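The residues of the chain are indexed from 1 along the displayed sequence. Just follow the structure's listing: the first ligand is 1, and inside any ligand the first atom is 1. Everything numeric here is computed off the predicted structure, so don't read it as measured data.
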Amino acid sequence: MLAKKLFTLVFINKEDQILLGLKKRGFGINKWNGFGGKVEPNETILEAAARELHEECCVSVKPSDLKNIAHLEFTFEGQPTLMDVRVFSTSLFEGNPKETEEMLPKWFKNNEVPFDDMWPDDRIWFPYMLQGKKFFGKFHYEGFDKILNYKIEEIDCM
Ligand code: 6U4
Ligand code: NA
Ligand code: NA
């Protein structure tokens, strides 16, 4: 049996740009990604998503303004855990993104997303997100660089 661990991942949109952060430590170090982390036992997934966003780049959102746009599952060859990642987006936010200990935030044009410096799965599912689709994706990795197999499907609701 795989042990499921719940994570959040938040993308902020402004006009034709998306806010990404360069991860400065830990899991996914040196990759550009959305903002997020583990859901704590005392909070809802939406609360965790808003909390992690603020901790990582000082941007505030109301949990209820976050739209759940995707569900992603990651497994790693030979490892007993499944990362269950809930993805949210919003264009309603307050504050200017600021660098923190964990992330260096930067706005990217939607058509200039730095896929070469991101998780390999991102170039597969970003097009769904950027087209406003809702989707479920499942990726099985060998190490952290190679996708052994994956499945992705558009869904009507979360
Ligand atoms: P701490 O212990 O505070 O450093 P925490 O911030 O709770 O950790 P973290 O940063 O390890 O959690 O969470 C991982 C983040 O990376 C989550 O937002 C989900 C995201 N993520 C994990 N695998 C991913 C992948 N393959 N592609 C992707 N995002 C991924 O785009
Ligand atoms: Na994090
Ligand atoms: Na964090």
If you measure from the Lys or Arg side-chain nitrogens to the Asp or Glu carboxylate oxygens, is any gap between Lys38 and Glu52 under 4.0 Å? no
Ignoring water, what protein N, O or S atoms are under 3.0 Å from the Na ion (ligand 3)? Glu52 OE1, Glu56 OE2, Glu102 OE1
Below 4.0 angstrom from a heavy atom of Glu56, which ligand 1 atoms are there? Numbered from 1 as shown, please. 6 (O)
Residues Glu101, Lys24: salt bridge by 4.0 Å N-O rule: no
So is there a nitrogen or oxygen of Trp125 less than 3.5 Å from a nitrogen or oxygen in ligand 1? no
Before accepting this row, confirm whether a basic side-chain N of the pair Arg51/Glu47 lies closer than 4.0 Å to the acidic partner's carboxylate O. no
Donor-acceptor contact present, side-chain Thr90 to main-chain Ile12, <3.5 Å: no
Using the ring of each side chain (for Trp, its six-membered ring), is Phe74 parallel, tilted or perpendicular to Tyr141, with breaks at 30° and 60°? tilted
Quick one: which ligand 1 atoms are inside 4.0 Å of a heavy atom on Glu52? 6 (O), 7 (O)
Who gets closest to atom 19 (C) of ligand 1 by heavy atom: Leu6, Thr8, Ile29? Thr8
Candidates Asn33, Asp84, Val85; heavy atom nearest atom 20 (C) of ligand 1 found on Asn33
Provide the number and element of each atom of ligand 1 under 4.0 Å from a heavy atom of Phe7. 13 (O), 14 (C)
Got a donor-acceptor contact below 3.5 angstrom from the Thr8 side chain to the Gly36 backbone? no
Between Arg123 and Asp116, is there a salt bridge with N-O shorter than 4.0 Å? yes
For Arg25, counting its heavy atoms only, list the atoms of ligand 1 lying under 4.0 Å from any of them. 3 (O), 4 (O)
